[in-house]
K.L.:
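After the C-alpha cells below, expect a handful of questions from me.
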Amino acid sequence: MPVSRSAEEITARIDRLPSCWTVWRLIVLLSLGGAFEFYDLFQTAYLSPGLIANGIFRAGAKGLFGLTDQATFAAATFAGLFIGTIVFGSVADRFGRRAVFTFSLLWYTAASIAMGLQRTNVGVDLWRLIAGVGIGVELVTIDAYVSELAPARLRGRAFGVNQFVQFLAIPVLALICWILVPRTLFGLAGWRWVVFLGALGAIAVWAIRRSIPESPRWLAQQERLEEASAAIAQIEQRVEKETGHPLTEPMHVVSQFHRKGKFSEIWVPPYRKRTLMLIVFNFFQTIGFYGFGNWVPALLASMGSTAIIAMVYPLGPLLCIAIADKFERKWQIVSAAIGTATFGLLFARHTSSAWLITFGILITLSNNLLSYSYHAYQAELFPTRIRARAVGFVYSWSRLSTIFTSFMIAFFLQKFGTPGVFAFIAASMFMVILSIGIFGDRTKGLSLEEISH
C-alpha cells in the first residue's frame with residue numbers, strides 16, 4: 001500500500017472499509033477493555049451485602065453524612081471516575097489511544113487487587129476511588145478509539161456492538177456474585193474473589209491489546225503520516241484477504257486542520273454550544289442510568305428479580321444495532337430518555353413481582369438505548385485533535401453528578417420510597433430531553449470530519 005500524503009487520504013481509506021469480521025474484531029477487542037468499567041461500576045450494588053456480612057460495611061444509615069456505606073462506596077467510585085475523565089482525559093490526545101488504553105487497564109488491575117485486600121471501609125473506598133481513575137481514562141479513550149476506527153456508515157452499529165460486549169459484564173458479574181458473595185473460599189470472603197477475578201480479566205485483555213493498531217486518524221493528526229499509512233494498511237490487507245477482492249478507491253473527504261489540539265477549542269464556535277449542551281446532558285443522564293442500575297437490588301429487594309433484569313443488559317445493544325445508523329442519534333437519545341422516565345414512573349406504581357420485572361426490563365432497555373447512543377454521539381461531535389479531552393471534560397460532569405446523586409438516591413429511597421426515587425429520575429430525564437432535543441446537532445451518515453466543521 002502507498003503512503004498517504006495527507007490526513008484526508010487516511011480518513012478516506014478508513015471510511016471505505018466494508019462491514020467485515022476484520023473491522024468488527026477490532027471493535028470487539030476494544031470493547032472487552034470497556035467491559036471492566038461495567039464490571040466494576042455495577043459492583044456497587046452486588047458487593048455491598050458481602051461487605052456488610054464481612055463486617056467492613058455497616059447495615060443502615062451509619063456511614064458518611066449519616067447515609068449508608070453503599071452510598072459512600074458509590075460516591076467513591078464516581079469521584080475516581082470524575083478525576084480520571086476531567087484530569088487525565090486529555091492524555092489520549094497527547095500520547096495516543098493505544099498506549100493509554102493499555103496503561104489504564106494496568107492501573108485498574110493494580111488498584112482492584114489493592115481494594116480486594118482491604119479490611120476497613122475507608123481502605124475499600126480509597127482504593128475504589130483510585131481504581132475509578134483508571135476506568136475513567138479508559139472509557140474516554142475507548143469512545144475516541146471506536147469512533148475513529150469505524151467507517152462513517154458503520155459508526156452507530158460499532159457503538160452498538162461496543163455496548164453489547166461491555167454490558168455482557170453485568171450478567172457475568174451478577175452470576176459470579178450470586179455464587180461467590182455468600183461464601184468464603186480458601187479463607188477469603190467471596191466479595192474479594194469477585195474483585196480479584198475482574199483484575200485477572202483485565203490482565204488478559206491487556207495481553208491481547210497487541211492485535212489493535214494505533215488510531216490512524218490520531219497518527220495523521222499528529223502528522224505521522226507514514227505510521228498512519230502503515231496502521232491502516234495493516235487493516236486493509238486483512239480486509240482484502242478476508243473478502244478476496246481489492247478495496248474500492250477512497251472517496252474525497254472534507255479538508256482538515258492540521259494543528260495540535262488545545263482545551264480552549266471546546267469554548268469556541270461551533271464546539272462551545274456542543275460543550276454546554278453535553279455538560280447539561282451528562283449531568284442529568286447519569287441519574288437515570290445509575291440511579292436504577294446501582295440501586296436495583298435495593299429497589300426490588302429480590303436477588304432473583306435483580307438477576308433477571310441483569311440478564312437483559314446485553315440484549316438491549318443488540319436491538320439498538322438494528323436502528324443504529326437509520327435514525328438521527330439525537331432523537332434516539334430523546335426517545336430513550338422518554339422511555340426511562342415513563343417506565344420508571346410506572347415501575348413505582350406497582351408492587352407485584354411480574355410488573356416490577358416487566359418495567360425493570362423496559363427501564364433497562366431504555367437505558368441501553370441511551371447509553372449506546374450518547375457514547376457514539378458525544379465522541380462524533382468533536383474533531384480528532386481534541387476528541388479525548390473534549391469527551392473527557394463533558395463526560396466528567398456525569399461522574400460529578402453521580403457523586404452527589406448516590407447520596408440523593410439513598411435520601412429519596414429512605415424518605416419517600418421507590419416513588420420518590422423515580423420522580424427524581426423522571427425530572428432528570430426531562431432535562432435530557434430539553435438539552436439534546438433543542439440544541440443537539442445532526443450526525444447521521446456524516447464523516448467525523450464533516451461533523452466537526
K.L.:
Please table the atom pairs, donor to acceptor, closer than 3.5 Å between any side-chain atom in residues 115-126 and protein atoms at least two apart or in another chain.
P.N.:
residue: Gln118; atom: NE2; partner: Ala114; partner atom: O; Å: 2.8
residue: Thr120; atom: OG1; partner: Gly123; partner atom: N; Å: 3.0

K.L.:
Does anything in residues 182-196 pair up under side chain to side chain donor-acceptor pair (under 3.5 Å), and if so which pairs, sequence neighbours excluded?
P.N.:
Asn54-Trp191
K.L.:
Excluding sequence neighbours, so at least two apart, what forms side chain to side chain donor-acceptor pair (under 3.5 Å) with Thr85?
P.N.:
none
K.L.:
By side-chain contact (heavy atoms from CB on, under 4.5 Å), which residues pair with Phe327, not counting sequence neighbours?
P.N.:
Ile323, Gln332
K.L.:
Taking atom CH2 of Trp355 as the centre, report whether more than 12 heavy atoms of other residues, nucleotides or ligands fall under 6.0 Å from it.
P.N.:
no
K.L.:
Taking salt bridge (charged side-chain N to carboxylate O under 4.0 Å, His left out) as the test, write out the residues that go with Arg274, two or more places apart.
P.N.:
Asp441
K.L.:
According to the side chain to side chain donor-acceptor pair (under 3.5 Å) rule, which pairs have a member within residues 133-146, sequence neighbours left out?
P.N.:
Asp143-His375
K.L.:
Is there any salt bridge (Lys or Arg N to Asp or Glu O under 4.0 Å) pair reaching into residues 105-118, and which pairs are they, with sequence neighbours excluded?
P.N.:
none
K.L.:
Run the salt bridge (charged side-chain N to carboxylate O under 4.0 Å, His left out) test against Arg157 and tell me which residues pass, sequence neighbours left out.
P.N.:
Asp325
K.L.:
Checking Glu227 now: which residues fulfil salt bridge (charged side-chain N to carboxylate O under 4.0 Å, His left out) with it, not counting sequence neighbours?
P.N.:
Arg224
K.L.:
Only pairs at least two apart or in different chains count here, so list each salt bridge (Lys or Arg N to Asp or Glu O under 4.0 Å) that has a residue in residues 370-383.
P.N.:
Arg155-Glu380, Arg329-Glu380
K.L.:
Side chains of Arg387 and Thr384: any donor to acceptor distance under 3.5 Å?
P.N.:
yes
K.L.:
Can you name the residues that form a ring-ring contact (aromatic ring centres under 6.0 Å, His included) with Phe416, not counting sequence neighbours?
P.N.:
Phe412
K.L.:
Does anything in residues 336-345 form a side chain to side chain donor-acceptor pair (under 3.5 Å)? List the pairs, not counting sequence neighbours.
P.N.:
Thr340-Asn367
